[in-house]
Engineer: 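Could you have a look at this structure, given as structure tokens, before my questions?
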Amino acid sequence: MFKKTLAAIFCTVLAASALTSCGKHLEVDDSDSNDKSVSDEESTKAPSLDEESTKAPSSGTDNKTIDLSRFTDRSVPDIDLENSSVKNFTTPEIGDDIIIMKFQGYEGEVKIRLFPEYAELGSENFVGLSEKGYYDGLTFHRIMADFMIQGGDPLGTGTGGESLWGDKFDGGTDPNVIHASGAIAYANSGSTATNGSQFYIVTGEKYTKDYLDQIAAYNGSQFSDDAAEVYSTTGGAAFLDGSYTVFGQVYQGLDIIYAVQDLPVHQGNAFSSEVSTPDEPVVLEYVKVGKYEGEELKWFISDYMGEDSPKTTKDSEETNKKRED
């Protein structure tokens, strides 16, 4: 687990790039300098890249494998999911819109419950873009183990993308939905008023009560008992709460998200020196809108333990060794 210290950084510049993420930030005291903010910045957009040219072709294979062995310390929070102050895990109504993602090379689909009641514009934007096929063939350009995976940029660099309405939009925040593991939210370039198409799905890590208290003191806020229970058991990215628009929660296929976060990465692209670029493209074969039909809800990574589920091509020992090197 990363050793963390709180730091008042109001505008963090990613090394060797002009990408900025202005706002409160938690600095990670670790061997690398990776920035654990979630940026989406248009100012450095490459001038001549064509959106269609950056879409990766489909391989037509569905045979990758998943190893969840390093996440055995994750557990189900001891809360009443339906009546909790944390609304991420409430059962959708039959017929509600859901998002269905297919990752190229992985069996099964990732299914996401939307929160129109807490993030109306955020949900509408993602549904509209998905119905247009906007995300089909795009990549996850940024992967940070024990934090999140980020995609939704047609340029594949973290510098592009637009909302359903063309301009940026303000999706706001809602204290009822938090950055629990499996939450999906919009990347931004300093505030929720700069949301576009880029999004991230949280994996995160577990928090001690003492560290949650430090975050709360720094932000001038307080985590509810239910939120603290979620962060200390199933994990998440608590320090992002209040700064990014959370608009959904994965309820099937979370094992695929955890597999992707552990893929090998290398240092940067033309816009960033951060060690978070996948060695091989992570491609969204499609993102579409479906309906909830009463299928099983598997909110937590512990729900997938011990199953014969799809796995990453690299086993955890090899992947972890490469990351440490």
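Quick note: numbers below take in every heavy atom, side chains included, and nothing from hydrogens, waters or symmetry partners.
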Engineer: Tyr231 and His179: side-chain contact (heavy atoms from CB on, under 4.5 Å), yes or no, with the steps?
Structural biologist: CA-CA 9 Å; Tyr231 283 131; His179 282 82; 3.7 Å; yes

Engineer: Assess whether atom CG of Asp225 is packed by more than 12 heavy atoms of other residues, nucleotides or ligands within 6.0 Å.
Structural biologist: no

Engineer: Measuring from Asp73:CG to Thr233:OG1, what's the distance to the nearest 0.5 Å?
Structural biologist: 10.5 Å

Engineer: Mind checking whether Phe115 and Leu164 sit in one hydrophobic cluster, side chains of I, L, V, M, F, W, Y counted as touching below 4.5 Å?
Structural biologist: no

Engineer: Any luck finding a side-chain donor-acceptor pair between Thr208 and Asp210 under 3.5 Å?
Structural biologist: no

Engineer: Identify whether Phe71 and Ile143 are in the same connected component of the hydrophobic contact network (ILVMFWY, side-chain heavy atoms under 4.5 Å).
Structural biologist: yes

Engineer: For this output row, return yes or no: ring centroids of Phe147 and Phe239 closer than 6.0 angstrom.
Structural biologist: yes

Engineer: Got a second to check how far Asn188's CG is from Asp170's CG, nearest 0.5 Å?
Structural biologist: 9.5 Å

Engineer: Assess whether side-chain hydrogen bond (donor to acceptor under 3.5 Å, both in side chains) is satisfied between Tyr134 and Glu162, documenting all intermediate values.
Structural biologist: CA-CA 10 Å; Tyr134 184 94; Glu162 62 182 19; 5.6 Å; no

Engineer: Determine, step by step, whether Asp96 and Leu114 satisfy the side-chain contact (heavy atoms from CB on, under 4.5 Å) criterion, reporting the C-alpha distance in whole Å, the side-chain angles of both residues, the deciding distance to 0.1 Å, and the verdict.
Structural biologist: CA-CA 8 Å; Asp96 280 357; Leu114 294 169; over 6 Å; no

Engineer: Counting only heavy atoms not in Glu120, do more than 12 sit closer than 6.0 Å to its CD atom?
Structural biologist: no

Engineer: Would you call Glu117-Lys87 a salt bridge at under 4.0 Å N-O?
Structural biologist: no

Engineer: Under 30°, 30 to 60°, or over 60°: which ring-plane class applies to Phe103 and Phe140, parallel, tilted or perpendicular?
Structural biologist: parallel

Engineer: Would you call the rings of Phe247 and Tyr186 parallel, tilted or perpendicular, taking 30° and 60° as the class edges?
Structural biologist: parallel

Engineer: Going only through I, L, V, M, F, W and Y residues with side-chain contacts under 4.5 Å, is there a path from Val177 to Ile112?
Structural biologist: no

Engineer: Taking the six-membered ring for Trp, is the centroid-to-centroid distance between Phe199 and Tyr135 below 6.0 Å?
Structural biologist: yes

Engineer: Taking atom CG of Asp80 as the centre, report whether more than 12 heavy atoms of other residues, nucleotides or ligands fall under 6.0 Å from it.
Structural biologist: yes

Engineer: Set out, in order, the CA-CA distance, both residues' side-chain angles and the distance that settles side-chain contact (heavy atoms from CB on, under 4.5 Å) for Val287 and Phe126, then state yes or no.
Structural biologist: CA-CA 10 Å; Val287 179; Phe126 207 83; 4.0 Å; yes

Engineer: Under 4.5 Å between side-chain heavy atoms, hopping through other hydrophobics if needed: is there a path connecting Leu297 to Val246?
Structural biologist: no

Engineer: So with a 6.0 Å cut-off around CD of Glu93, is the heavy-atom count from everything else above 12?
Structural biologist: no

Engineer: Taking side chain to side chain contact (heavy atoms under 4.5 Å, CB included) as the criterion, tell me which of Leu121, Leu129, Val127 meets it with Asn125.
Structural biologist: Leu129

Engineer: Once rounded to the nearest 0.5 Å, what's the spacing between atom OG1 of Thr234 and atom CZ of Arg74?
Structural biologist: 6.5 Å

Engineer: Is it true that atom NZ of Lys291 has more than 12 heavy atoms of other residues, nucleotides or ligands lying nearer than 6.0 Å?
Structural biologist: yes

Engineer: Which value, rounded to the nearest 0.5 Å, describes the distance between Gln267 atom CD and Glu274 atom CD?
Structural biologist: 10.0 Å

Engineer: Looking only at the aromatic ring of each residue, does the gap between the centers of Phe223 and Tyr207 stay below 6.0 angstrom?
Structural biologist: no

Engineer: Under the 3.5 angstrom rule, does the side chain of Gln252 hit a backbone N or O of Glu109 as a donor-acceptor pair?
Structural biologist: no

Engineer: Are Leu138 and Val289 connected in a single hydrophobic cluster, I mean Ile/Leu/Val/Met/Phe/Trp/Tyr linked by side-chain heavy atoms less than 4.5 Å apart?
Structural biologist: yes

Engineer: Are the aromatic ring centres of Tyr304 and Tyr258 under 6.0 angstrom apart?
Structural biologist: no

Engineer: Checking Glu280 against Leu263 for the side-chain contact (heavy atoms from CB on, under 4.5 Å) test, could you report, in this order, the C-alpha distance in whole Å, the side-chain angles of both residues, the deciding distance, and whether it holds?
Structural biologist: CA-CA 9 Å; Glu280 298 180 1; Leu263 294 175; over 6 Å; no

Engineer: Backbone N or O of Gly235 within a donor-acceptor pair of the Ser181 side chain at under 3.5 Å?
Structural biologist: no

